[in-house]
Amino acid sequence: MNLFTPFDPQTCQDLLRRFEPVLHFTRGERFFPADVDGYLASCSLWVQQPDTQPVCLVPTGQLSASLLGQIHRDHNYASLTDSVPVDASAHEHERNVFFLKYAEPLGPTDLARYQREWRQKERDNLEYRFRAGRGRLARVGYFSRLIDALFSISLFGRGRVPGDASAAAALGYQRKLAGDERYCYYGRVVQQGPWLVLQYWFFYYYNNWRTGFSGANDHEADWEMISIYLAKTAIEQGTDDANYKEPEVYENRLGSVINEQLDDESDGIMGYVPEWIAYASHDYHGDDLRRHWLDPEVDKVGEHPVIYAGAGSHAAYYRRGDYITEWAIPFLAPAIEVTSRLLQFWRHTLRQYASQQRSVLTSNIFLIPFVDYARGDGIIIGPSAQLTHITDRAVKPWDEPQLLTPDMPWLTHYRGLWGLYTRDPFSGEDAPAGPMYNRDGSIRSSWYDPAGWAGLDKVLPAAQERAAVLARQSALRQSCLTLAASIQAKEETLRNASLDLEALRRQQDLFALVNEREAVVAELSKEVQQLRSTLATEQTLVHALGDYARQLADIATQDGAALPTALLRSHIHRAHMPEPESRQHDNLLAEIWSAASIGLIMIAYVFSLYFMPPGYKITSAVFIVYVVGVIEAGFRGRLGGFASSSAVIFAVFAALVLFYEYAWQTLIVTALLIGIYLIWENVRELWA
Amino acid sequence: MSQENFVTKPAVQPPVAPVETLRRWPVRFTSVLLLLQAVGIIYLVGYYFSHIDPTRHMPPLEELVGYTFEMLPTLVQDSLIIGILFTPLVLLTVASAIGFIFLWRGGWVLTMLCQGVILFLSLAIFFNRPAVIMWPIHILMAYSVFLVLYLNSSGVQLVFQKG
């Protein structure tokens with residue numbers, strides 16, 4: 001791994017402190033960032049060997065962070081259990097799965113008491129009261145609802161976290177908070193290429209997205225992360241470009257506050273300024289995750305970025321709101337691919353739904369929609385000094401950051417899961433592994449390649465960018481000169497060959513020689529054309545790079561706030577944006593309809609099967625779907641699109657029927673119409 | 001370079017026809033087409049009923065009480081089905097035509113829905129009742145196909161996007 005930590009622990013902590021985020025949670029959230037020690041103290045360690053029952057290696061109450069790492073560092077499993085030997089050398093395809101188990105199932109009495117207490121809390125305190133508003137099913141089409149129903153049914157067949165595990169975990173976490181109320185994060189500072197990366201890792205006892213907020217999954221333990229990418233300013237880079245005036249102007253872009261604070265910092269971190277930020281959100285990665293530090297989408301309190309955490313899922317978002325997150329079931333991948341292509345054809349070739357929003361167009365009926373509520377209206381956790389102005393909400397301060405370093409065995413040696421292993425084939429219900437590993441034991445890309453994970457491996461820091469552009473332009477100019485010389489030489493050869501050819505053509509009986517020379521001339525001519533084409537391309541590039549360098553200089557002279565947002569967001573292909581406010585409020589009737597529609601379709605179809613004559617079964621099924629479609633489209637404000645699409649589909653069928661019935665007549669009429677049209681066009685041209 | 005350099009503007013604005021010119025033709029033509037369709041549907045229903053000879057096809061009134069639909073002659077069944085299904089569409093088509101005349105926002109949607117229903121019913125009859133005399137239905141289908149194509153043409157859509 002080409003990563004190293006450039007500073008001493010104290011400086012790293014200072015850096016982490018300086019940019020530590022402000023987390024806004026949604027009302028009703030039950031789990032907040034915590035330290036792993038309290039969690040591990042309540043966990044047991046288990047191993048699942050192939051084709052056997054899971055074995056408990058360390059019972060609850062005896063596990064600690066140091067023991068967890070130590071066991072796996074030394075592969076010392078034998079001393080932990082004498083009943084079943086653990087084969088540490090198991091092959092990958094039959095590997096042992098180590099996992100933790102936090103929540104013990106609740107008894108019915110405890111569960112009822114917990115639910116009663118939670119309802120009381122909801123009544124007494126706004127921060128506990130969550131209202132979903134427009135249901136997720138009202139936000140998607142009814143085919144997606146059918147897939148969703150199948151997905152829900154599949155939970156009975158596949159592995160899942162027991163229903164009361166969420167309540168048990170919440171009870172355990174509440175008890176922990178009552179005794180030791182601390183909110184903390186784990187930090188990591190690494191240098192990768194030109195980027196100094198600050199990673200903030202948040203550990204939650206439980207992800208209750210499914211049971212708490214109608215989301216996709218539940219699992220014990222949850223690791224979430226954001227990264228801030230800092231780079232040195234031009235002063236520190238020591239560029240030798242004589243006309244280079246980035247340092248002062250670049251600092252201007254970031255505002256005077258940062259400049260003043262930079263002066264106060266120690267020499268080691270002097271000159272580092274934040275340029276990019278990336279929030280981990282479910283399994284997304286790449287350019288779309290990343291935002292420029294100055295992007296207006298990134299809310300900040302001073303130098304502290306604001307994160308809106310998804311309710312239950314704890315995924316990080318830049319903007320508060322309700323996010324539709326689509327989930328693909330692996331075995332439906334071919335159907336998803338085919339539907340996507342059909343949608344493209346429908347939209348681009350047939351130009352249907354031309355006036356609809358992009359989000360509507362790109363949604364695929366085979367993807368299951370879930371809503372991630374990141375409303376930011378609940379508890380706030382952040383640097384206490386920055387949040388003194390907030391009086392209407394519960395504000396909790398961060399505890400001292402804990403630095404993630406390679407000498408932590410629980411971090412580097414424990415590759416197992418941090419919660420229950422449910423053997424869910426979709427993996428959604430299995431607990432995640434630690435910050436460093438994926439569930440399968442491989443290293444997370446966000447760990448070994450934090451810049452590449454956010455698509456930053458191809459991006460230079462702003463202070464280096466102009467110099468690099470100028471260097472590239474200079475190299476290309478040199479290449480153009482070389483090319484021009486080559487073209488000149490080649491042209492000379494071509495002219496000589498052409499002269500030879502003309503001379504030979506004027507001689508008798510030299511056909512063979514003429515043919516040979518013609519081939520030589522043709523070949524040379526082709527080569528010269530290729531060289532000219534390459535030269536033209538490179539010259540265009542030189543001009544483009546010149547313009548780009550000028551733009552970078554212009555941008556640098558502007559105040560940060562005045563920068564055009566489009567320039568800061570040009571790398572984003574498809575930003576994950578919250579649902580528009582206008583789409584979040586439907587009437588009760590629409591809500592009821594969306595919840596009942598799939599069931600109604602099924603009941604109506606069963607009735608039609610029973611009561612309709614045999615020949616009418618398909619017709620009645622189509623009719624039911626059509627009527628439900630009209631009602632659905634009406635509720636969703638897409639009646640125009642639906643009416644048009646359905647009419648076009650029926651028209652296509654009708655045209656086929658007519659062609660089948662009147663093939664010859666249709667061909668004759670078509671030929672006649674084309675003939676008349678051609679005559680009309682030609683006569684019109686004559687008159688014109 | 002100023003900030004304006006980053007804003008891409010087309011060198012020449014594309015020519016735009018005056019809205020009034022855009023509106024008149026397609027709207028009036030569509031209204032006329034829809035009214036013609038309404039007349040056609042009335043004729044179609046009348047055509048089927050005109051083939052029923054009450055003395056030959058219908059039972060005496062006093063015996064009609066015990067009759068079920070299946071016991072009626074096929075011609076009467078077909079005429080009743082077509083009459084029941086298509087007569088309400090006359091009202092819908094006339095409403096669409098009025099919607100086009102007055103440029104109601106929902107006029108285009110209503111018309112497309114109406115054409116969708118006409119085509120669906122025509123196809124249903126084609127596939128489920130092979131004994132029916134089909135040529136009048138075929139004409140109605142062809143007319144609706146033409147209307148769907150015409151309503152999807154850019155000229156008509158533009159009017160309603162502007163309207």
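Residue numbering restarts at 1 for every chain, and letters A, B, ... go by the order of the sequence lines.
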Peer 1: Any idea which heavy atoms bring B:F120 and A:V622 closest together, and the distance?
Peer 2: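 Heavy atoms of B:F120 and A:V622 come nearest at CE1-CG1, 3.5 Å.
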Peer 1: Quick check on A:V652 against chain B: is it the side chain, the backbone, both or neither that has a heavy atom closer than 4.5 Å?
Peer 2: neither
Peer 1: For the residue pair A:F642 and B:M112, establish whether any side-chain heavy-atom pair is separated by less than 4.5 Å.
Peer 2: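 A side-chain contact is absent here, since even the closest heavy-atom pair is not under 4.5 Å.
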Peer 1: Apply the test side-chain contact (heavy atoms from CB on, under 4.5 Å) to residues A:F650 and B:V117: give CA-CA distance (whole Å), side-chain angles for both, the deciding distance (0.1 Å), then the verdict.
Peer 2: CA-CA 9 Å; A:F650 289 140; B:V117 174; over 6 Å; no
Peer 1: Answer yes or no: are there more than 12 heavy-atom neighbours, outside B:Y43 itself, under 6.0 Å from its atom OH?
Peer 2: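 At most 12 heavy atoms, drawn from other residues, nucleotides or ligands, come within 6.0 Å of this atom.
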Peer 1: What are the two closest non-hydrogen atoms of B:M141 and A:V657, and how far apart are they?
Peer 2: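 Nearest pair, atom of B:M141 first, then A:V657: CE-CG1, 3.8 Å.
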Peer 1: Kindly give the heavy-atom pair with the smallest separation between B:V109 and A:A643, and that separation in Å.
Peer 2: O-CB, 4.0 Å
Peer 1: Within the supplied structure, the quantity of interest is the number of heavy atoms (other residues, nucleotides, ligands) at a distance under 6.0 Å from A:R569 CZ; does it exceed 12?
Peer 2: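 Result for CZ/A:R569: enclosed.
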Peer 1: Under the side chain to side chain contact (heavy atoms under 4.5 Å, CB included) test against A:F653, which residue among B:L123, B:V145, B:L119 passes?
Peer 2: B:L123
Peer 1: If every non-hydrogen atom of B:W108 is compared with every non-hydrogen atom of A:S644, which pair is closest and at what distance?
Peer 2: CH2-CB, 3.6 Å
Peer 1: For B:L113, is it the side chain, the backbone, both, or neither that has a heavy atom closer than 4.5 Å to a heavy atom of chain A?
Peer 2: both
Peer 1: Considering only heavy atoms, which portion of A:F623 lies under 4.5 Å from any heavy atom of chain B: side chain, backbone, both, or neither?
Peer 2: both
Peer 1: Measuring from atom CZ of B:F126 to atom CG of A:L658, what distance do you get when rounded to the nearest 0.5 angstrom?
Peer 2: 8.5 Å
